[in-house]
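What follows is a short report on a single structure.
Remember, predicted model here, so these are calculated numbers, not experimental data. This chain uses plain numbering: 1 for the first residue, then up along the sequence.
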Amino acid sequence: MKNRIFNQLTTAISTITVVGIIAAGAALADPLPAPDGADAKRQKFESLRGVRYCELFFITGDPKTGLTANFVNTSALNNSADPKDTCPPAIWDKITPDSLKSQYKVAGIFKNGPRWWVNDVVDIPAGAVGTYDNLEGRWFGKVDLPKTFGKPGGTAYKPTTVGRKSVMQFNKGEPVYILDDPDGMPWVMQAFTTKVNPKMTYDGLMTLAETLKPAEGWSYRVKILDEPLTIQAVDGVARIVQDEFEGTYNACFDTACSFKP
């Protein structure tokens with residue numbers, strides 16, 4: 001009797017082990033689709049100025065014909081004890097692009113951050129919360145990547161577009177950080193990063209003109225707002241550009257901005 005029970009248990013354990021191996025093999029052979037915003041719902045994120053966040057880019061396409069990336073953002077997640085830091089180093093630093101890439105149907109993974117918001121409010125369709133190697137994030141949009149993406153300085157002063165239906169607000173009395181392009185159009189900073197310059201700080205943005213070396217025809221300035229400024233994506237597309245320190249700015253033209261600062 002004891003031998004029969006032992007044999008039954010042994011067979012059951014072996015079956016479970018085999019099923020587990022098959023399931024693991026199937027998981028490896030069938031990677032997940034990248035987040036795509038199909039479940040996105042409009043949400044408003046407030047009190048963002050000075051909040052640390054990060055993003056994961058799920059890159060698809062071909063470098064020869066063009067790359068795009070759906071991306072997830074950590075805002076309002078990961079750290080209930082300190083809402084000003086939604087990208088805790090203890091989690092962020094352990095994420096490896098190769099590990100994530102093996103889990104998804106993508107050409108590559110890019111870690112964008114850490115970054116800090118310099119606007120005050122974002123109203124945007126955001127996806128459901130997902131977990132990516134222990135980091136919580138929501139789909140925030142899809143960006144076209146220039147062919148120079150990934151090279152040091154490869155995105156600097158090269159405008160591109162992001163697919164998102166966002167409205168950003170900068171509050172009255174707060175500073176805005178502006179790049180003026182060769183045609184005189186202002187581009188307003190939405191976020192900065194320490195990825196290129198580890199000494200970059202929010203307070204340092206006031207004197208950033210002293211260290212920036214803009215492309216020909218571009219210039220940097222700071223303005224204190226006399227009234228709230230809003231910048232919206234037009235027809236679901238936002239126009240953005242980065243400086244050489246990978247600070248990101250939104251184009252401020254007639255149909256996008258409430259006024260030109």
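Side-chain atoms of Asn79 and Thr86 include no donor-acceptor pair closer than 3.5 Å. At a cut-off of 3.5 Å, with distance as the only test, a side-chain donor of Arg115 or Thr248 sits close to an acceptor on the other residue. Defined by atom type and a distance below 3.5 Å, a donor-acceptor pair is missing between the side-chain atoms of Thr131 and Glu136.
Listed by chain and number, the residues in a salt bridge (charged side-chain N to carboxylate O under 4.0 Å, His left out) with Asp93 amount to none (sequence neighbours excluded).
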Report task. For side-chain contact (heavy atoms from CB on, under 4.5 Å), just list the numbers for Phe110 and Leu56, CA-CA rounded to whole Å, side-chain angles, deciding distance to a tenth of an Å, and then say yes or no. Result -> CA-CA 6 Å; Phe110 174 71; Leu56 291 170; over 6 Å; no
Requested in this report: Before giving the answer on side-chain contact (heavy atoms from CB on, under 4.5 Å), spell out for Val72 and Phe140 the whole-Å C-alpha distance, their side-chain angles and the decisive distance to 0.1 Å.
Outcome: CA-CA 6 Å; Val72 298; Phe140 254 37; over 6 Å; no
Requested in this report: Determine, step by step, whether Val162 and Lys142 satisfy the side-chain contact (heavy atoms from CB on, under 4.5 Å) criterion, reporting the C-alpha distance in whole Å, the side-chain angles of both residues, the deciding distance to 0.1 Å, and the verdict.
Outcome: CA-CA 6 Å; Val162 178; Lys142 185 175 183 179; over 6 Å; no
Requested in this report: Could you give me the CA-CA distance, side-chain angles and deciding distance for Leu205 and Met200, then say whether side-chain contact (heavy atoms from CB on, under 4.5 Å) is met?
Outcome: CA-CA 8 Å; Leu205 298 178; Met200 188 77 72; 4.3 Å; yes
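The two residues Pro31 and Ser102 come nearest to each other via the heavy atoms CB-O, 4.2 Å. Of all heavy-atom pairs spanning Val241 and Pro159, the tightest one is CG2-N, 3.7 Å. Scanning all heavy atoms of the two residues, the minimum distance from Thr193 to Pro114 falls at OG1-O, 2.6 Å. Of all non-hydrogen atoms in Ala238 and Arg164, the two that sit nearest each other are CB-NH1, 3.5 Å. Between Phe192 and Thr201 the shortest heavy-atom distance is CZ-C, 3.7 Å. Heavy atoms only, all atoms of each residue included: Leu225 and Val176 are closest at CD1-CG1, 3.7 Å.
Atom CG of Leu67 is separated from atom OG1 of Thr60 by 7.5 Å, given to the nearest 0.5 angstrom. Separating the OG1 atom in Thr211 from the OH atom in Tyr220 is a distance of 8.5 Å, to the nearest 0.5 Å. Taking CD1 of Ile124 as the reference point, atom CZ of Phe45 lies at 7.5 Å (rounded to 0.5 Å). Atom CD1 of Ile231 is separated from atom OG of Ser258 by 8.0 Å, given to the nearest 0.5 angstrom. Glu246 CD to Lys195 NZ: the interatomic distance, rounded to the nearest 0.5 Å, is 6.0 Å. Taking CG from Leu229 and CG from Asn171, the interatomic distance works out to 10.0 Å, rounded to the nearest 0.5 Å.
With respect to the salt-bridge test (charged N to carboxylate O, under 4.0 angstrom), the residues Asp180 and Arg221 qualify.
Counting non-hydrogen atoms of neighbouring residues, nucleotides and ligands closer than 6.0 angstrom, the CG atom of Asn134 reaches no more than 12 such neighbours. Counting heavy atoms of neighbouring residues, nucleotides and ligands inside a 6.0 Å radius, atom NZ of Lys44 does not exceed 12 of them. Other residues, nucleotides and ligands contribute over 12 non-hydrogen atoms within 6.0 Å of the NZ atom of Lys260.
When hydrophobic clusters are built by joining Ile, Leu, Val, Met, Phe, Trp and Tyr residues whose side-chain heavy atoms come closer than 4.5 Å, directly or via intermediates, Tyr53 is not grouped with Val167. In the hydrophobic clustering of this structure, Phe245 groups with Val118; members are Ile, Leu, Val, Met, Phe, Trp, Tyr whose side-chain heavy atoms approach within less than 4.5 Å, directly or through other members. Ile91 and Val129 are assigned to two separate hydrophobic clusters, defined by single-linkage of ILVMFWY side chains at heavy-atom distances under 4.5 Å. Residues Tyr202 and Met168 do not share a hydrophobic cluster, clusters being chains of Ile/Leu/Val/Met/Phe/Trp/Tyr side chains in contact below 4.5 Å.
Phe58 has its ring centre no less than 6.0 Å from the ring centre of Phe71. Here Tyr157 and Tyr249 keep their ring centres 6.0 angstrom or further from each other.
Between the side chain of Gln232 and the backbone N or O of Lys165, no donor-acceptor pair lies under 3.5 Å. Without hydrogens or angle criteria, Lys101 side chain to Ala107 main chain gives a donor-acceptor distance under 3.5 Å. Counting only distance, with no hydrogens or angles, the side chain of Arg49 and the backbone of Asp120 share no donor-acceptor pair below 3.5 Å. For the pair Ser99 (side chain) and Thr96 (backbone), a donor-acceptor distance under 3.5 Å is absent. Of the possible donor and acceptor atoms, one in the side chain of Arg42 sits under 3.5 Å from a partner among the backbone N and O of Asp123. The backbone N or O of Gly247 sits less than 3.5 Å from a side-chain atom of Asp243, completing a donor-acceptor pair. No donor-acceptor distance shorter than 3.5 angstrom exists from the side chain of Thr160 to the backbone of Leu145, with no hydrogens or angles considered. Remark: side-chain polar atoms of Arg138 are paired, donor with acceptor, to backbone N or O of Ser75 under 3.5 angstrom. Not one N or O on the side chain of Thr230 forms a donor-acceptor pair closer than 3.5 Å with the backbone of Gln169. Listed for the Trp139 side chain is a donor-acceptor partner under 3.5 Å among the backbone atoms of Gly141.
For the pair Met185 and Leu179, the minimum side-chain heavy-atom distance is 4.5 Å or more. Side-chain atoms of Phe253 and Pro186, non-hydrogen and from C-beta on, never get closer than 4.5 Å to each other. At least one side-chain heavy atom of Thr74 sits under 4.5 Å from a side-chain heavy atom of Leu135. No side-chain heavy atom of Arg52 sits less than 4.5 Å from a side-chain heavy atom of Lys84. Considering only heavy atoms from C-beta on, Ile95 comes within 4.5 Å of Lys111 through its side chain. The shortest distance between side-chain heavy atoms of Trp116 and Val51 does not fall below 4.5 Å. At a threshold of 4.5 Å between non-hydrogen side-chain atoms, the residues Leu48 and Val122 count as touching. The shortest side-chain heavy-atom distance between Ile240 and Asn250 falls under the 4.5 Å cut-off.
Pairs passing the ring-ring contact (aromatic ring centres under 6.0 Å, His included) check and including a residue from residues 164-184, sequence neighbours excluded, do not occur.
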